[in-house]
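I have placed the structure first, in the form of structure tokens, so that the comments after it can refer back to it.
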Amino acid sequence: MPILATPKRHFDEDMARATDLMTHAIGTDDGRLKDDIFRSAWMMAVGATDAYFCDAYADLTTRVLQAKDHQGSIQLPDKFGNLLVPVIAVVGEEGGWRWRMAARQLIERQSVLSLKEIKALLRRFCRAQNNLLVESTIESWIQHPDATKRLWGVTARNYRALTADDKKKARALALKHLERRIDGVFQRRHDCIHNCDRPRVALQSISVGYIRSAILDLTFMVERIHAHLVDEFPEYLSEMGANAITRNQVGA
């Protein structure tokens, strides 16, 4: 199975469910019910995103441990040195299932509902020179056809017109802008679940524009991070010493 294939398939399916809820709400006449279906779509979309990143962590951790199993000479990075895995994963029967079970237990209680947590969780699977969500790796994301000012605080056209020095400053600001935007979307899900979308006293307003932009922004982020990890993970394994046979054995 190719790396991250299952997490990405589940994400696509779950985002389609969120989109279906949004579409259903649009055709609903009852204003209060329409708003609450929009909120349900919002929660589904954030849940799909959270699940993707948790599943991606389990998937990639499994493949690292399987690679070490296949090729004992691989040097695991220090960040894997204190990884706690169930005893059954160490003394159990041969087979990749035991590492996958161990990885799932590691992430079972994890929630990844901030951009900071996402970066902390998944950066361990990238080489230092090609890390995730840093200034040096987001330039193509800012200029992506689906990128928006809502996500980055700058349009692709305006970014391209900047000088090299100003682009560097813009990338730093864009990362901060992205974090505020994504964390705001996550917070709205928290508000919906824990206080029925009343973070203070008044019910927050919602509309099709709000939920559509949330779905688009979460999808953009997952798509870009997914593509980065798919490209980067084989190189990361190579840097650890995994040969082509081992990488092929673990689907990378």
Side-chain angles (χ1 to χ4, degrees), residues 1-60 100 104 107-115 117-118 121-122 132-133 141 144-152 156 177-199 202-230:
M1 179 73 70
I3 58 175
L4 300 178
T6 299
K8 184 58 167 58
R9 176 169 57 82
H10 288 172
F11 173 79
D12 291 342
E13 291 171 354
D14 294 342
M15 271 302 191
R17 294 164 67 196
T19 301
D20 288 347
L21 280 170
M22 177 187 72
T23 302
H24 178 69
I26 293 171
T28 301
D29 293 331
D30 186 321
R32 187 176 68 176
L33 179 59
K34 175 182 290 189
D35 288 353
D36 284 340
I37 298 175
F38 282 149
R39 292 183 178 96
S40 298
W42 194 295
M43 290 185 281
M44 178 74 75
V46 174
T49 304
D50 185 24
Y52 171 81
F53 290 121
C54 290
D55 289 347
Y57 175 82
D59 184 281
L60 298 178
R100 184 164 296 279
R104 289 300 305 170
I107 201 64
E108 192 174 37
R109 295 178 179 83
Q110 181 75 38
S111 180
V112 196
L113 292 182
S114 81
L115 204 60
E117 290 172 338
I118 291 168
L121 198 67
L122 297 177
L132 180 66
L133 285 166
W141 299 17
H144 191 277
D146 295 333
T148 64
K149 187 175 182 180
R150 184 178 62 243
L151 273 169
W152 299 111
H177 190 94
L178 177 70
E179 184 170 350
R180 287 193 298 271
R181 168 57 179 163
I182 297 301
D183 287 356
V185 173
F186 289 163
Q187 180 61 44
R188 184 71 183 266
R189 181 258 196 182
H190 177 89
D191 293 339
C192 288
I193 288 177
H194 295 286
N195 51 44
C196 292
D197 210 20
R198 295 180 187 271
L203 186 66
Q204 296 185 95
S205 63
I206 195 166
S207 69
V208 64
Y210 282 1
I211 178 58
R212 182 178 284 125
S213 65
I215 289 174
L216 288 173
D217 291 352
L218 293 175
T219 300
F220 178 91
M221 181 183 65
V222 170
E223 293 280 0
R224 303 285 74 71
I225 292 176
H226 176 80
H228 183 91
L229 291 172
V230 167

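For Glu13 and Arg9, the salt-bridge test passes: some basic side-chain N is under 4.0 Å from an acidic carboxylate O. At a threshold of 4.0 Å, the pair Arg39-Asp36 counts as salt-bridged, since one of the basic side-chain nitrogens sits closer than that to a carboxylate oxygen. A salt bridge is absent between Lys8 and Asp55: the closest approach of a Lys/Arg side-chain nitrogen to an acidic carboxylate oxygen does not fall below 4.0 angstrom.
For the pair Phe186 and Ile118, the minimum side-chain heavy-atom distance is below 4.5 Å. The shortest distance between side-chain heavy atoms of Glu223 and Asp146 does not fall below 4.5 Å. Taking the side chain as every heavy atom from C-beta outward, Gln187 and Val46 never approach each other to under 4.5 Å. Using a 4.5 Å cut-off on side-chain heavy atoms (C-beta onward), Ile225 and Leu133 make contact. Using a 4.5 Å cut-off on side-chain heavy atoms (C-beta onward), Met15 and Leu218 make contact. Between Tyr52 and Met221, every side-chain heavy-atom pair lies at or beyond the 4.5 Å cut-off. Inter-residue side-chain proximity for Ile26 and Arg212 is flagged as met; some heavy-atom pair is nearer than 4.5 Å. The closest side-chain heavy-atom distance from Phe220 to His144 is below 4.5 Å.
Under the 3.5 Å distance criterion, the side-chain polar atoms of Asp183 are matched with a main-chain donor or acceptor of Leu115. Judged purely by atom type and a 3.5 angstrom limit, His177 uses its side chain to pair as donor or acceptor with the backbone of Arg150.
Taking both residues in full, the closest heavy atoms of Ile3 and Leu229 are given as CD1-O, 4.1 Å, listed atom of the first, atom of the second, then distance.
Considering CZ of Phe38 and OG1 of Thr28, their distance stands at 8.0 Å, rounded to 0.5 Å.
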